[in-house]
Amino acid sequence: MNRPLRSQQRPEVAAISGIGETRYGRGVSDASALALQLEAALAAVRDAGLQPSEIDGVIPMANGSALAEDFIENFGIADLRFSGTVPMGGASSVASIQMACAVIEAGICRHVLLVAGRDGRGGNISERVRQMPQFRMVAEFEMPTGAFAPVQLYAPMARRHMEMYGTRVEDLAEIAVTMRRHALGHPNALMQKPMTVADHLASRMIADPLRLLDCSLESFGAAAVVVSALPCTRDMRQRPVVVMAAAEGHPPSPSAITQRDDITRLGIARIADRVFAQAGVTRDDIDVAQIYDCFTYILLCQLEDLGFCNKGEGGAFVRDGRIGLGGALPVNTHGGLLSQAHMVGMNHIVELARQLRGEAANQAPDAEVGLVTGYGDMGDGALAILRRG
């Protein structure tokens, strides 16, 4: 693929200057969701070499039990110039990068804090679905068939992909096994028991064709990043991780999967070419990728929609170690949502920043350019391409 014309590139205006996260756990935390988010946020601010009061923009996770006012009070912020949330489920964290860049480019803020966290008290998944803005459409088209949990909503997408393209259960297993292998080498990953393809195939069926080990974790903890105006990062503590381009994308019929012409294509397909063009890089330039993996199939589908392979070739793409450390495209080097923790994708951003700084636990060799994605609710997508500063 030819490198895009430079006229398509957007100027770089911001960089990730600080990162932070708590220890992750399963069950219910002794600390509140707010306390966890404040802990991760303070770690990110200190990592950047800033004082908490220097934060002038806050984008907390939607439905995350933390508000901008909480950070004003606890961080002593005298002049918070922007606050907002992105209600896109698992796409929210990466989409927040675009929002942060926009307010920095507009001259509103210099240092924007992005934070996500949970304490394990969120209730069952049916309650989460009822909070979705598009619940009315889910109730009309999906729920009459008995589908109300995400695994039930997305399983038909995976089954359709298998019927159309010959994707195998073993291909999904390969993804799960690779994520687990990466988690085994990460000190802050929950899943520390090795997994084989046979283990995956023996796990119980949840919603055909998705088994237990195709599903992401339920966990507590928090993660945060600071996005700063690029000129500010010249004298900051850490090497900046520059945001080359970022965007969000929404699928057709965004509120009902069953009403789409093609249920195997996600919202991220609409923005992939544009983001690569704005970043001025090709797929071959990507050294490492952190791809939202709420379910194994969603990761596979994004590889296709991002353009790393053609539609229907995702199963073949993940075989033979291609997405593992040492492979052509190392994916989720921290273990992802499947084996590290489910932090609504903010842990994916933290991991990519570590990779591009050259300080990751499972360091991809010579990682200079990487991408991170988010996937939310009924197919919303977000994509950011970052580089070492």
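By the 6.0 Å and 45° rule, Arg322 stacks over the aromatic ring of Phe317.
Residues satisfying the ring-ring contact (aromatic ring centres under 6.0 Å, His included) criterion with His161, sequence neighbours excluded, are Tyr165, Tyr297.
Remark: the His348 side chain and the Asp293 side chain contain an N/O donor-acceptor pair separated by less than 3.5 Å. Side chains of Asn188 and His334: no donor on one and acceptor on the other come within 3.5 Å. Between the side chains of Gln302 and Thr373, a donor-acceptor pair is found at a separation under 3.5 Å. A donor-acceptor contact under 3.5 angstrom links the side chains of Asp380 and His250, judged on distance only.
Within the structure, the side chain to side chain donor-acceptor pair (under 3.5 Å) test picks out no pair touching residues 67-76 (sequence neighbours left out). Applying the side chain to side chain donor-acceptor pair (under 3.5 Å) definition to pairs two or more places apart or across chains, those involving residues 232-242 are Asp47-Gln238.
In this structure, Gln290 and Ile349 have side chains that are not in contact, with every pair of non-hydrogen atoms separated by 4.5 Å or more. The closest side-chain heavy-atom distance from Glu12 to Val243 is not below 4.5 Å. Side-chain contact between Pro60 and Leu67 is absent, with no heavy-atom pair separated by less than 4.5 Å.
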Could you go step by step and tell me if Arg265 and Glu304 meet the salt bridge (Lys or Arg N to Asp or Glu O under 4.0 Å) rule?
CA-CA 9 Å; Arg265 194 172 298 274; Glu304 298 173 346; over 6 Å; no
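Between Arg283 and Asp273, at least one side-chain nitrogen of the basic residue sits less than 4.0 Å from a carboxylate oxygen of the acidic one, meeting the salt-bridge criterion. A salt bridge between Arg180 and Asp199 is absent, with no side-chain N of the basic residue lying under 4.0 Å from a carboxylate O of the acidic one. Ion pairing between a basic and an acidic side chain is recognised when a charged N comes within 4.0 Å of a carboxylate O; Asp119 and Arg121 show such pairing.
Members clustered with Val45: Leu34, Leu38, Leu42, Leu50, Ile55, Val58, Phe71, Ile72, Phe75, Ile77, Leu80, Leu113, Val115, Val226, Met236, by chain and number, using a 4.5 Å side-chain heavy-atom cutoff among hydrophobic residues. Leu325 belongs to no multi-residue hydrophobic cluster, having no ILVMFWY side-chain contact under 4.5 Å with any other such residue.
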Which donor-acceptor pairs under 3.5 Å do side chains of residues 361-369 form with protein atoms, sequence neighbours excluded?
| from | atom 1 | to | atom 2 | distance (Å) |
| --- | --- | --- | --- | --- |
| Asn362 | ND2 | His182 | O | 2.8 |
| Asn362 | ND2 | Thr333 | O | 2.7 |
| Gln363 | OE1 | Glu359 | N | 3.2 |
| Gln363 | OE1 | Ala360 | N | 2.9 |
| Gln363 | NE2 | Gln355 | O | 2.9 |
| Gln363 | NE2 | Gln355 | OE1 | 3.2 |

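Taking the six-membered ring where the residue is Trp, the centroids of Tyr375 and Tyr154 are separated by under 6.0 Å.
Note that the OG atom of Ser228 and the NE2 atom of His111 stand 5.0 Å from one another [nearest 0.5 Å].
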